[in-house]
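Values below: every heavy atom of this structure, side chains too, minus hydrogens, waters and symmetry copies. The residues of the chain are indexed from 1 along the displayed sequence.
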Amino acid sequence: MLIAFSVAPSGTGRADGSVHDAVAAAVRVVRESGLPHRTTSMFTEVEGEWDEVFDVVRRATEAVLPYGSRVSLVLKADIRPGRTGEIDGKIQRLEQALADQVPADPELTDPHADDDW
């Protein structure tokens, strides 16, 4: 299973509204879990079995609790029994599909396609 999640505190009292310290605490939990993961500017993805992934999300959420008066957690799950390696596999299949597609407009691939030489 893949989980994409975002966890952030509110009520931090910071004038700039930054939550990077809290997010760093959550990401540290994910990295120390040993599970395959990827962090982007908006979400962290974690791959593993149901119980181990949700344990990481729970612990990451708990790591954020001290940074504010409340915590917001957003989750999205891709549950595909029997599949592993999907954190990279899905991206590889997407990139291959893009490479296999022929653009509808040849001008998009060669701006000089109509040049007479």
Side-chain angles (χ1 to χ4, degrees):
M1 110 179 311
L2 285 173
I3 293 286
F5 78 101
S6 173
V7 60
S10 59
T12 64
R14 290 183 60 130
D16 66 358
S18 178
V19 295
H20 64 269
D21 291 332
V23 172
V27 170
R28 182 174 315 284
V29 169
V30 173
R31 290 182 177 177
E32 290 174 354
S33 75
L35 295 176
H37 63 276
R38 178 180 295 120
T39 298
T40 65
S41 61
M42 297 290 293
F43 284 92
T44 295
E45 299 171 358
V46 182
E47 183 173 23
E49 295 299 318
W50 186 280
D51 290 340
E52 61 189 359
V53 169
F54 275 95
D55 178 60
V56 170
V57 171
R58 179 189 52 79
R59 290 186 293 116
T61 302
E62 290 171 350
V64 171
L65 285 170
Y67 291 89
S69 58
R70 65 191 322 166
V71 173
S72 172
L73 173 64
V74 176
L75 288 168
K76 182 175 182 179
D78 182 3
I79 304 162
R80 203 166 176 192
R83 298 293 293 247
T84 60
E86 290 297 283
I87 198 165
D88 294 319
K90 290 177 78 160
I91 300 298
Q92 291 166 352
R93 289 189 299 276
L94 169 65
E95 292 298 332
Q96 186 61 54
L98 288 167
D100 291 346
Q101 290 179 353
V102 177
D105 183 356
E107 291 291 321
L108 295 176
T109 58
D110 184 0
H112 304 288
D114 292 331
D115 289 352
D116 293 323
W117 291 89

Between L65 and V56, is there a shared hydrophobic cluster once you connect ILVMFWY residues whose side-chain heavy atoms come closer than 4.5 Å? yes
Could you give all pairs that pass the salt bridge (Lys or Arg N to Asp or Glu O under 4.0 Å) test and reach residues 15-28, with sequence neighbours left out? R14-D16, R14-D21
Can any side-chain N or O of R38 pair as donor or acceptor with the backbone N or O of I87 at less than 3.5 Å? yes
Tell me whether V29 is reachable from V23 by hopping between hydrophobic residues (I, L, V, M, F, W, Y) whose side-chain heavy atoms are closer than 4.5 Å. no
Answer yes or no: is there a donor N or O on one side and an acceptor on the other, between the side chain of H37 and the main chain of L35, under 3.5 Å? yes
Would you say the side-chain atoms of D100 and Q96 include a donor-acceptor pair closer than 3.5 Å? yes
Applying a strict under-4.5 Å side-chain criterion to I, L, V, M, F, W and Y, I'd like to know whether L2 and V46 cluster together. no
Just jot down the salt bridge (charged side-chain N to carboxylate O under 4.0 Å, His left out) partners of E49, sequence neighbours excluded, or say none. none
V30 and F5, any side-chain heavy atoms less than 4.5 Å apart: yes
Locate the shortest heavy-atom distance separating V64 from A8; write the atom from each residue and the value. CG1-C, 4.0 Å
For R59 and F54, run side chain to side chain contact (heavy atoms under 4.5 Å, CB included): C-alpha distance rounded to whole Å, both residues' side-chain angles, the deciding distance at 0.1 Å, then the answer. CA-CA 9 Å; R59 290 186 293 116; F54 275 95; over 6 Å; no
Could you tabulate the donor-acceptor pairs under 3.5 Å formed by side-chain atoms of residues 67-81, not counting sequence neighbours?
{"from": "D78", "atom 1": "OD2", "to": "K90", "atom 2": "NZ", "distance (Å)": "2.6"}
{"from": "R80", "atom 1": "NH1", "to": "E86", "atom 2": "OE1", "distance (Å)": "3.4"}

For the student: nearest non-hydrogen atoms of A26 and V7, plus distance: CB-CG1, 3.7 Å
A side-chain contact here means heavy atoms from C-beta on lying under 4.5 Å apart; do E52 and S33 qualify? no
Is there a donor-acceptor pair under 3.5 Å between the side chain of E47 and the backbone N or O of G85? yes
More than 12 non-hydrogen atoms from neighbouring residues, nucleotides or ligands closer than 6.0 Å to CZ on R31, yes or no? no
